[in-house]
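This report refers to the structure that appears directly beneath it.
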Amino acid sequence: MALAVTAYGTKVLRKVCDEITPEYEGLNDLIDNMWETMYEAGGVGLAAPQVNKAIRLFVIDTTQVYDSIDDDEAKAELFEEETGFKEVFINAEIVDESDEWWTDQEGCLSLPDLNGEVERPWSIEIEYYDRNFNKQTKTFSGYNARVIQHEYDHTEGILYIDHVSGISKRLMKNKLNQIAEGKVSPKYRMRFAK
Ligand SMILES: [Zn+2]
């Protein structure tokens with residue numbers, strides 16, 4: 001079942017989320033519903049606060065993007081030697097990041113009709129539990145690492161707009177107010193603050 005996506009202005013998006021245990025009630029259904037919500041809304045990632053749960057859980061599928069790029073050079077630029085991946089991240093912690101940073105456009109299902117340039121580390125090392133609560137430690141780079149950092153930020157109460165430059169943020173202000181007031185109509189269901 002696709003869930004409503006919480007909009008900018010909703011308090012849950014600003015919470016530092018709690019870790020969960022395998023006993024978290026309804027976890028499997030929640031993960032299934034998050035996948036469905038993400039695909040229906042056309043996203044590549046979705047974090048639990050975006051479905052109104054302040055827990056350290058996010059899902060990502062970058063295979064859609066990887067498969068959609070025909071130009072080999074563009075693909076290599078975004079993915080380096082990696083491919084796309086599909087994964088559930090529980091209680092994730094970014095434990096290392098590269099000195100090299102890069103800038104690219106980001107958007108967010110909680111902030112419809114908006115994009116912004118965000119600078120982030122090129123690669124990261126992350127520890128997390130997968131859907132079966134097996135501990136994983138992996139390194140990701142490029143586009144994959146960017147999406148992970150975006151979703152990880154959600155579990156810290158951080159939005160990508162917190163990383164954009166002051167001028168860009170000022171240009172976004174009217175649109176942000178409109179979103180907070182529910183004056184947007186994306187193709188997917190949203191839960192607004194007002
Ligand atoms: Zn987001």
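First listed ligand is number 1; within each ligand, the first listed atom is number 1.
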Going by side-chain heavy atoms closer than 4.5 Å, which hydrophobic residues are tied to Ile167, directly or by a chain of links?
-> Leu171

Joining Ile, Leu, Val, Met, Phe, Trp and Tyr whenever any side-chain heavy atoms lie under 4.5 Å apart, the cluster holding Val65 also takes in Val44, Phe58, Ile60, Tyr66, Ile69, Leu78, Phe79, Phe85, Phe89, Ile94, Trp102, Trp122, Ile124, Ile126, Tyr128, Phe140, Tyr143, Val147, Ile148, Tyr152

Of Lys183, Lys175, Lys187, the one forming a salt bridge (Lys or Arg N to Asp or Glu O under 4.0 Å) with Asp113 is Lys175

Closest non-hydrogen atom pair between Met190 and Pro186, with its separation = SD-CG, 3.5 Å

Is it the case that Ser165 and Glu117 place a side-chain donor and acceptor less than 3.5 Å from each other?
-> no

Within a distance under 2.8 Å of the Zn ion (ligand 1), the protein atoms of type N, O or S are Cys108 SG, His150 NE2, His154 NE2

Provide the full list of salt bridge (Lys or Arg N to Asp or Glu O under 4.0 Å) pairs with a residue in residues 131-149, sequence neighbours left out, each pair given once.
-> Asp32-Arg131, Glu87-Lys138, Glu106-Arg146, Glu127-Lys135

